[in-house]
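Quick notes on the structure that follows.
Any value given below was found using the heavy atoms of this structure, including those in side chains, with hydrogens, waters and symmetry copies removed.
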Amino acid sequence: MVEGMSSVQPANPTATRSPDLTPRDWLEAGQSLLRRGGLKALKLRPLADELRVSTGSFYHHFKDFDDYQTQLARYFAEYQVTDLIDALERATPDPIERIRLLGQTVRRRGSTRLAIAMRAWAESDPHARAAVERHDTLVLDFLARSLMAVGFTRPEAEIRAYGLITLGLSKVHAPQLDRNTLFDSLLDIMVARPAAR
């Protein structure tokens, strides 16, 4: 598992949670709700239920729900992505293996559903739109730098990076393809050099 990334599990109604939560706990819970139900699921009561605390606990960390949503968008765009990229770069010196680890992490965390929910939110909110743009800039740059490290030019690397991130956001129905291996298969194709003619 890549270091630096935690996830909040769905609420267990029979358990109680310590009120000593951090803002990150609330942000992770918000992402969990976005993954499962999109923006319509992102409300204060379900957030508190996710963490098994009262709604009053929320105000120890956030001024109001607008402040929370702004920080949630920023979390998606900055801290979470930079932490992940840093962890991937520490995990292995092999740039292609880093990309494979990114794909595995995205699948394990359900990040595709979160990214799709963030993009839907971005249609109506400037903070979410800026967050999605920043997120994509960071991820595309990471992918392109990794591909350049194995010899692709910047333009070649950027096109391949775009293809990889687009696959991660794909909702195309293709039951004959194994979604668990599709990213790795496409990566193998993307890093292969054409045979000399």
Given S111, which partner from the list V106, T105, I116, L84 fulfils the side-chain contact (heavy atoms from CB on, under 4.5 Å) test? V106

Have a look at D67 and tell me which of K63, Q71, Q69 forms a side chain to side chain donor-acceptor pair (under 3.5 Å) with it. Q71

side-chain contact (heavy atoms from CB on, under 4.5 Å) partner of L164, the single match among L102, L187, V139, L140: L187

Can you list the steps and then say if R45 with E50 is a salt bridge (Lys or Arg N to Asp or Glu O under 4.0 Å)? CA-CA 9 Å; R45 168 51 49 203; E50 186 80 6; over 6 Å; no

Can you tell me how far apart CG (D136) and CD1 (I165) are? Round to the nearest 0.5 Å. 4.5 Å

Test item: I99 and V191 side chains (from C-beta on) under 4.5 Å apart, heavy atoms: no

Do R119 and E123 have side chains that get closer than 4.5 Å, going by heavy atoms? no

Exercise: identify the closest heavy-atom pair between K43 and P46: O-CD, 3.3 Å

Report whether I96 and M148 are members of the same hydrophobic cluster (ILVMFWY, side-chain heavy atoms less than 4.5 Å apart, transitive linking). no

Where T166 and Y162 come nearest, the two heavy atoms and their spacing: OG1-O, 2.7 Å

Return the set of residues passing ring pair (Phe, Tyr, Trp, His ring centres under 6.0 Å) with F65 (not counting sequence neighbours), or none when no residue passes. F58, Y68

For Q31 and Y75, does a side-chain donor sit closer than 3.5 Å to a side-chain acceptor? no

Over all heavy atoms of both residues, which pair between A131 and A77 is shortest? Give the atoms and the distance, please. O-CB, 3.2 Å

Working to the nearest 0.5 Å, report the span between CG of L114 and CZ of R109. 8.0 Å

Distance in Å, L72 CG paired with L27 CG, rounded so as to fall on 0.5 Å steps: 6.0 Å

With heavy-atom distances below 4.5 Å as the criterion, would you say the side chains of V81 and F142 are in contact? no

Quick one: does F76's side chain get under 4.5 Å of V132's, heavy atoms only? yes

H127: ring pair (Phe, Tyr, Trp, His ring centres under 6.0 Å) partners, not counting sequence neighbours: none

Can you tell me how far OG of S57 sits from CG of L51, rounded to the nearest 0.5 angstrom? 9.0 Å

Closest heavy-atom pair and its distance - A149, P95: CB-CG, 3.8 Å

If the condition is side-chain contact (heavy atoms from CB on, under 4.5 Å), which residues does R129 pass it with, not counting sequence neighbours? A122, P126, E133

Ion pair present between D188 and R100, side-chain N to carboxylate O less than 4.0 angstrom? yes

How many angstroms lie between NE2 in H60 and OG1 in T22, if you round to the nearest 0.5 Å? 13.5 Å

Taking atom types as modelled, find out whether R74 and T70 have a side-chain donor-acceptor pair closer than 3.5 angstrom. no

Correct closest heavy-atom pair for L147 and A157 would be CD1-O, 3.6 Å

Distance in Å, E28 CD paired with L21 CG, rounded so as to fall on 0.5 Å steps: 12.5 Å

Would you call R90 and D86 a salt bridge, using N to O less than 4.0 angstrom? no

Output all residues satisfying ring pair (Phe, Tyr, Trp, His ring centres under 6.0 Å) with F152, sequence neighbours left out; order by chain, then residue number. none

Hits for salt bridge (Lys or Arg N to Asp or Glu O under 4.0 Å) against R134, two or more places apart or cross-chain, chain-then-number order -> E78

Side chain to side chain donor-acceptor pair (under 3.5 Å) pairs, two or more places apart, involving residues 139-159: E89-R145, D141-R145, D141-R154, T153-E156, R154-E158

